Participant: 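Have a look at this one.
This structure is a prediction, so every number in the text was calculated from the model and none was measured.
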Amino acid sequence: MHHADFEDGITELVKEYTDREEVMRAANRYFYLQPVHGKVNHTVTMADGREMIMLASYSYLGLMGHPKIEAAARAAIDEYGTGAGGVRLLTGTTDLHERMEARIAEFVNRDDACVYTSGYMTNMAIITGLTGPGDLVIMDKLDHASIVDGCMLSGARWRTYRHNSMEHLESILRRAQGKYKTMLVIADSVFSMDGDMADLPALAEVTHRFGARLMIDEAHSIGALGATGHGIEEHFGLYGAIDLKMGTLSKSVPSVGGYLAGDHELINYMRHASRPFIFSAGLPPAQCATAMAALDVIEEEPWRVEQLQRVQGDYARGLMELGFDTMETDTAIVPVRVGDEARTMDLTRALFDRGIFVCPIVHPAVPRGTERLRTCLMATHTDEDLARIFAAFKESGTELGLI
């Protein structure tokens with residue numbers, strides 16, 4: 001029997017999605033998998049040649065295309081080739097990988113770091129490698145999906161606490177005391193849908209008071225938080241508050257991969273015990289060199305962090321003055337809450353037609369009634385960019401009756 005003749009749950013899932021996408025495309029409201037050509041910065045060239053202002057990229061510091069970073073990547077290919085050739089534990093480790101991990105550890109102020117092939121896999125690796133049956137993982141309700149998936153795969157018990165509610169977290173920890181071998185509390189540093197940040201001082205105090213470990217996902221804070229872009233500990237002046245520091249190499253750092261940073265003994269254990277490290281090929285040499293060079297540039301060009309933080313403030317204030325709801329953001333991620341899926345798609349279309357690249361976020365990524373645009377600022381956005389963005393939002397919002 002040909003597979004197309006099957007009628008099962010998979011068929012239903014695919015058909016349901018296909019029908020939904022066809023409706024969106026017919027209404028000119030499909031905005032995903034939009035192909036761009038060339039390097040992504042504060043402006044971007046679409047595949048059809050159209051120039052747009054990019055207002056959705058995680059490249060917060062605008063480092064894509066930086067000459068020093070690209071030169072490092074080219075040199076790594078010349079010296080090491082294009083791939084690692086194996087898993088890190090066996091044949092896929094070079095001195096370049098070791099230097100990269102040491103550089104990351106230095107940047108985030110830890111003894112050592114272990115690098116994985118993606119941020120998603122890093123969270124899976126940490127949670128499944130360090131917790132299991134008999135343990136409890138407690139996470140913020142708005143933590144990234146990779147943290148949720150890691151919990152489900154680990155076999156540990158897991159609970160969520162209300163977003164940034166230290167009272168709820170404390171009540172869970174109090175009831176759990178003495179019942180588990182390990183209690184691990186996990187929070188995003190910057191929450192990717194809302195743009196607010198974890199209350200690290202309160203989080204560290206509550207977590208450690210009950211003898212639990214604290215893990216923070218710094219995907220959206222490295223390069224974006226702190227006076228010099230060194231992350232949430234620098235922002236709050238609390239170096240050492242985090243037990244397990246997770247971060248990515250694909251946002252402010254224009255490479256790919258993720259890392260866990262911490263005590264040397266812990267990191268050495270993870271190199272030998274976490275399955276995503278043991279069974280995944282090492283990062284390609286060019287990506288290792290890119291990551292190292294990017295961390296150097298962040299420290300050598302502090303104006304990028306200063307500019308990002310100035311631009312994000314100007315932008316959020318400008319939108320609020322126009323009458324838009326930017327929720328509780330205080331970072332480079334600025335949501336624009338619309339509260340209705342159809343109107344969110346309408347606003348996206350209106351902005352796209354005015355040359356502004358934005359991303360609509362709808363259910364199930366966010367609860368119904370909180371549909372929004374998720375916009376992201378870059379250090380390279382200019383005052384002229386902001387003027388064009390504000391004009392487009394004003395025209396679009398007025399046209400749709402949103403402001």
Side-chain angles (χ1 to χ4, degrees), residues 83-139 143-159 176 179-188 207-208 211-219 222 240 242-250 255-284 287-288 291:
V87 300
R88 288 285 308 279
L89 195 62
L90 301 177
T91 62
T93 293
T94 66
D95 60 318
L96 191 61
H97 290 89
E98 292 183 332
R99 286 189 282 128
M100 169 184 60
E101 290 176 332
R103 182 67 180 98
I104 291 169
E106 177 189 35
F107 189 90
V108 301
N109 198 34
R110 288 299 186 274
D111 289 345
D112 201 354
C114 179
V115 168
Y116 296 86
T117 53
S118 73
Y120 185 98
M121 290 308 301
T122 303
N123 277 334
M124 297 280 282
I126 297 167
I127 300 168
T128 59
L130 296 176
T131 69
D135 299 325
L136 176 67
V137 182
I138 311 169
M139 70 185 102
D143 276 355
H144 191 265
S146 58
I147 295 172
V148 177
D149 291 354
C151 288
M152 290 194 292
L153 192 61
S154 71
R157 288 284 306 277
W158 57 280
R159 295 281 311 276
K179 298 178 181 176
Y180 300 94
K181 290 184 296 182
T182 294
M183 295 191 297
L184 177 63
V185 176
I186 310 177
D188 290 357
T207 299
H208 293 143
R213 296 254 191 169
L214 178 60
M215 171 181 161
I216 298 291
D217 178 333
E218 288 221 77
I222 291 297
I242 301 168
D243 300 305
L244 303 168
K245 295 192 77 169
M246 176 273 176
T248 62
L249 303 174
S250 57
S255 184
V256 69
Y259 62 83
L260 168 64
D263 296 337
H264 172 71
E265 291 78 9
L266 172 74
I267 299 304
N268 189 52
Y269 167 79
M270 291 296 283
R271 289 193 182 103
H272 293 84
S274 58
R275 290 163 72 90
F277 188 90
I278 298 171
F279 295 106
S280 295
L283 283 191
Q287 304 312 129
C288 298

Participant: Considering residues at least two apart in sequence or located in another chain, which fulfil the side chain to side chain donor-acceptor pair (under 3.5 Å) criterion with T248?
Facilitator: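 Partners of T248 by the side chain to side chain donor-acceptor pair (under 3.5 Å) criterion come out as none, since no residue qualifies.
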Participant: Kindly write out the residues that satisfy side chain to side chain donor-acceptor pair (under 3.5 Å) with S146, not counting sequence neighbours, or none if the list is empty.
Facilitator: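 Partners of S146 by the side chain to side chain donor-acceptor pair (under 3.5 Å) criterion, ordered by chain and then number, come out as N123, H144.
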Participant: Does anything in residues 125-138 form a side-chain hydrogen bond (donor to acceptor under 3.5 Å, both in side chains)? List the pairs, not counting sequence neighbours.
Facilitator: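 Those involving residues 125-138 do not exist here.
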Participant: Where do A291 and M100 come nearest, in terms of heavy atoms and distance?
Facilitator: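 Distance-wise, the nearest heavy atoms are CB-SD, 4.4 Å.
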Participant: For the atom pair OG (S280) and CE (M121), what is the distance rounded to the nearest 0.5 Å?
Facilitator: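 It comes to 5.0 Å.
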Participant: What residues form a side chain to side chain donor-acceptor pair (under 3.5 Å) with R159, not counting sequence neighbours?
Facilitator: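 Partners of R159 by the side chain to side chain donor-acceptor pair (under 3.5 Å) criterion come out as none, since no residue qualifies.
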Participant: Side-chain polar contacts of residues 180-187 - donor-acceptor pairs under 3.5 angstrom, sequence neighbours left out - could you list them?
Facilitator:
none

Participant: Has S274 got a side-chain atom pairing as donor or acceptor with P276's backbone, closer than 3.5 angstrom?
Facilitator: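 No, the answer is negative, given that no donor and acceptor are paired below the 3.5 Å cut-off.
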Participant: What residues form a ring-ring contact (aromatic ring centres under 6.0 Å, His included) with F107, not counting sequence neighbours?
Facilitator: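 So F107 forms a ring-ring contact (aromatic ring centres under 6.0 Å, His included) with H230.
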Participant: Can you name the salt bridge (charged side-chain N to carboxylate O under 4.0 Å, His left out) partners of E98, sequence neighbours left out?
Facilitator: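 Scan of E98 (salt bridge (charged side-chain N to carboxylate O under 4.0 Å, His left out), adjacent residues dropped) gives none.
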Participant: Mind checking side-chain contact (heavy atoms from CB on, under 4.5 Å) for I278 and listing every partner two or more places apart, or none if nothing turns up?
Facilitator: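 Scan of I278 (side-chain contact (heavy atoms from CB on, under 4.5 Å), adjacent residues dropped) gives L89.
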Participant: Name all residues meeting the salt bridge (charged side-chain N to carboxylate O under 4.0 Å, His left out) criterion together with R103; count only those two or more places apart in sequence or in a different chain, and write none if there are none.
Facilitator: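 With neighbours one apart ignored, the set is E106, D296, E299.
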Participant: Is there a side-chain contact (heavy atoms from CB on, under 4.5 Å) between Q287 and L249? Walk through the geometry before answering.
Facilitator: CA-CA 9 Å; Q287 304 312 129; L249 303 174; over 6 Å; no
Participant: About how many Å separate NE2 of H208 and CZ of R213, when rounded to the nearest 0.5 Å?
Facilitator: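 Here the interatomic distance stands at 8.5 Å.
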Participant: To check you understand the geometry: which heavy-atom pair defines the closest contact between A84 and G282, and what is its length?
Facilitator: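 Closest approach of A84 to G282, heavy atoms only: CB-O, 3.4 Å.
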Participant: Treating D243 as the side-chain partner and L214 as the backbone partner, does any N or O pair qualify as donor plus acceptor under 3.5 Å?
Facilitator: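 Judged by distance alone, yes, a pair lies under 3.5 Å.
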Participant: For T91 and G85, work out which heavy atoms get closest and say how close.
Facilitator: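 Taking every non-hydrogen atom into account, OG1-O, 3.4 Å.
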Participant: Say you draw a straight line from CG of L244 to OG1 of T122; how long is it, rounded to the nearest 0.5 Å?
Facilitator: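 Rounded to the nearest 0.5 Å, the CG-OG1 separation comes out at 12.5 Å.
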Participant: What's the verdict on side-chain contact (heavy atoms from CB on, under 4.5 Å) for R110 and I242, showing C-alpha distance, side-chain angles and the deciding distance?
Facilitator: CA-CA 10 Å; R110 288 299 186 274; I242 301 168; 3.8 Å; yes
Participant: Using the test side-chain contact (heavy atoms from CB on, under 4.5 Å), find all partners of A113 that sit at least two apart in sequence or belong to another chain.
Facilitator: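 I104, A105, A261.
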Participant: Measuring only between side-chain heavy atoms, which start at C-beta, is L130 closer than 4.5 Å to L266?
Facilitator: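 When only atoms from C-beta onward are counted, L266 and L130 do touch, with a gap below 4.5 Å.
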Participant: Could you note down all residue pairs passing ring pair (Phe, Tyr, Trp, His ring centres under 6.0 Å) where residues 109-131 supplies at least one of them, sequence neighbours left out?
Facilitator: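 Qualifying pairs, neighbours excluded: Y116-F277.
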Participant: Evaluate the side-chain proximity of V108 to Y259: yes if any heavy-atom separation is below 4.5 Å, no if none is.
Facilitator: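 Y259 reaches V108 side chain to side chain.
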Participant: For a quick test of reading the model, state the closest non-hydrogen atom pair linking S154 to A156 and the distance between them.
Facilitator: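 Scanning both residues, the minimum pair turns out to be OG-N, 3.0 Å.
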Participant: Does some side-chain heavy atom of L260 sit less than 4.5 Å from a side-chain heavy atom of M215?
Facilitator: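 Of all side-chain heavy-atom pairs linking L260 with M215, none is under 4.5 Å.
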Participant: Can a donor-acceptor pair be found, under 3.5 Å and without considering hydrogens, that links the side chain of D143 to the backbone of D188?
Facilitator: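 Yes: the side chain of D143 pairs with the backbone of D188.
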Participant: Short question: side chain of D263, backbone of E265 - any donor-acceptor pair under 3.5 Å?
Facilitator: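 No, the answer is negative, given that no donor and acceptor are paired below the 3.5 Å cut-off.
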Participant: Return the CZ to NE2 distance between R88 and H97, rounded to the nearest 0.5 Å.
Facilitator: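 So the CZ of R88 and the NE2 of H97 are separated by 5.5 Å.
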Participant: To the nearest 0.5 Å, tell me how far C288 SG sits from L283 CG.
Facilitator: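 The SG atom of C288 sits 5.0 Å away from the CG atom of L283.
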Participant: Going by the salt bridge (Lys or Arg N to Asp or Glu O under 4.0 Å) test, which pairs reach into residues 266-278, not counting sequence neighbours?
Facilitator: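 Pairs touching residues 266-278 that pass the test: E101-R271, D112-R271.
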